[in-house]
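Notes for the one structure printed next.
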There are 2 protein chains.
Amino acid sequence: MSSRSQTIADILTRAIIDHRLVPGCKLGERELSEIFDVSRIVVRQALIRLADDGLAQIERNRGAFVAKPSMQEAMEIYDALTLVEQGVAAQLSDRLGPAGWAELRQHVERQRQAVASGNDALADVLGQEFHSVFVRLSRNKVMQEIHAQLVRRTTLLRSLITADFDYCNLLDDHSRVVDLLEKGRLKQAMDLIDTHHRAVVRGYIMDREVYAEMTPAEALAPYLDGKTDSATAPIAPRKPKTSGNGDGTAHVHVHLPKQDPAPKSRASTKKTNRGLPA
Amino acid sequence: MSSRSQTIADILTRAIIDHRLVPGCKLGERELSEIFDVSRIVVRQALIRLADDGLAQIERNRGAFVAKPSMQEAMEIYDALTLVEQGVAAQLSDRLGPAGWAELRQHVERQRQAVASGNDALADVLGQEFHSVFVRLSRNKVMQEIHAQLVRRTTLLRSLITADFDYCNLLDDHSRVVDLLEKGRLKQAMDLIDTHHRAVVRGYIMDREVYAEMTPAEALAPYLDGKTDSATAPIAPRKPKTSGNGDGTAHVHVHLPKQDPAPKSRASTKKTNRGLPA
DNA sequence: AACCGTTGATTGATATCCAATCTTGTGGTT
DNA sequence: AACCACAAGATTGGATATCAATCAACGGTT
């Protein structure tokens, strides 16, 4: 078993990926130490890990916050992601064996079935996982970790943007990339990867001001089922401060289903995919 | 300015890059806390940062050690480095302006002059810096950080290998890469980058058993400026206040001053090139 | 020499305390 | 009412002391 700070860092990472902790959210040491029932120092170590991963930023004497990347940084992250996946594509086109191609095709097929059966949430997850499977086939753990870190950071962006374009035409990209690569048309495959990611970034309009829909205690509750006191939660939930405006903003406080690791928007909009390349 | 744990992590990183702390070296909490005159907790936080960076590994209940990558991991690191630099090359061939090409040429020229004047140490540093300059011109800070981290990890490898081949034919690679890229011969440039790195890895024979030539206290002494005060200089250049250096070893370890992949380059000391792509 | 238990050292973690800094709220002034 | 100064409170960064668990080395026994 790894250290407790690592465990807590993992939980916080999970919560951020699930959009239960949104960019800008304050991660107070005392608050988290009470939530996780550990000392402040363990929390601090966890926050250092998160900051090293680019998911949090620590301001001296002010504390830690969930990272809030700028538009510039968002583009850089996607550029890096494109660069990595193009490079992996080039490697795979040379070195991947039949079993590898089969695995890619199988994954695409599973996603296709999910879409066909209307299971948008599953399709969403599979769509995200495709990129990880892709990189995993390079059999380079160092590269995998770099890629995974970049992907985690893209999840931050999805809280900050208003994705207002159609993702349907992206759904086939994975299949087409596999086709092109297996046929040796590397250049076209790489261009498609670039287009794939650029289409996502183009849809980004980072004008959204995010605010916490729930306190960290509420956000983290689903992950604490293990041992800590899930029954007694005497931590009074306070309303997120509205910073001056009389809370006149007409936002809907939707509490995501607790144990569901797949963030999905409600049926109000048809657009289930909130931004990651499907 | 920044936290003390960050300052200490920086110093430890510097010492590892300078090969004053070699792979496998134990990084005891109490020992380091006495060396830096801080509490164990601050040391622990610094070690967490190092581990996240891949420069140290922490084993539960056994402590932290300078990371000792396997041959497999070494190849993965160089593969990743190749992938990143090839990708950056592709970007630069499209987007780099005249000023960028000029900077690259200027850097190559400086290295050429250093070689011509017999200043091997300076040539060494410039040769290593070329790769960082190259990536910096992509103007992607995220990519820069990924690249810098990979480069740091390659320095670990140079302690573990016996480089027994000729590096002379690599000295011109940088110049040739710039030439090829500026002429739009991207494919050839990328192949050269691959060859460049492969030549290095091929020379690796990781059979060396490294042993610490000095204790951490001796290894870190040059970085301990008057006090652990971070306000003055995050990384203090050499200051041989090292007291009793009577460590029996005939090795002369001198610190290479360097701060950021930014401007300047003040080289100083002599250190044999043990394998980084020149 | 091989085996096994004890002892010491080190790590992981907590609680408590303190200084520095940031935030907030209050009150006086214009 | 708006505005500034200042004190009070809260939070962070860090130090110290302490404790249990684990690991490693040592020494005794067979």
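Here is the naming used below: chain letters follow the sequence lines, and residue numbers restart at 1 for every chain. Here the structure is a predicted model, which is why all the values come from computation and not from measurement.
For the pair A:R4 CZ and D:dA20 C1', the computed distance is 12 Å after rounding to whole Å. Residue B:F65 contributes atom CZ, which lies 12 Å from atom P of D:dC23 at whole-angstrom precision. Here the P atom of nucleotide D:dT11 and the CG atom of A:L27 are 14 Å apart, to the nearest Å. Rounded to whole angstrom, the span from the CD atom of B:E31 across to the P atom of C:dA9 amounts to 15 Å. Atom CG in A:D37 sits about 16 Å away from atom C1' in C:dG12, given to the nearest Å.
Applying a 4.0 Å cut-off to non-hydrogen atoms, the residues of residues 43-62 of chain A that approach DNA chain C are A:N61, A:R62, listed by residue number.
Proximity of a side-chain donor or acceptor of B:H19 to a complementary backbone N or O of B:T155 within less than 3.5 Å is detected. Looking at B:E29, its side chain never comes within 3.5 Å of a backbone N or O of B:R40 through a donor-acceptor pair.
Between D:dC23 and B:K26, no contact under 4.0 Å exists linking OP1 or OP2 to a side-chain N or O.
Judged purely by distance below 3.5 Å, without hydrogens or angles, the side chains of A:S5 and B:R44 never pair a donor atom with an acceptor atom.
Between A:K26 and A:E59 there is no salt bridge, since no side-chain N of the basic residue sits under 4.0 Å from a carboxylate O of the acidic one. Under 4.0 Å is where a charged nitrogen must lie from a carboxylate oxygen, and between A:R30 and A:E34 at least one such pair does.
Each of A:G63 and A:I41 lies near DNA chain D, and the nucleotide nearest A:G63 is the one positioned closer to the 5' end. Comparing A:V42 and B:G28, the nucleotide of DNA chain C nearest to each residue sits closer to the 5' end for B:G28.
Across all strands shown, A:S3 has heavy atoms under 4.0 Å from sugar-phosphate atoms exclusively, and none from any base.
Contact detail for A:I8 and A:F36: the closest heavy-atom pair is CG2-CE1, 3.7 Å.
Side chain B:R40 to base D:dG14: no donor-acceptor pair is found below 3.5 Å.
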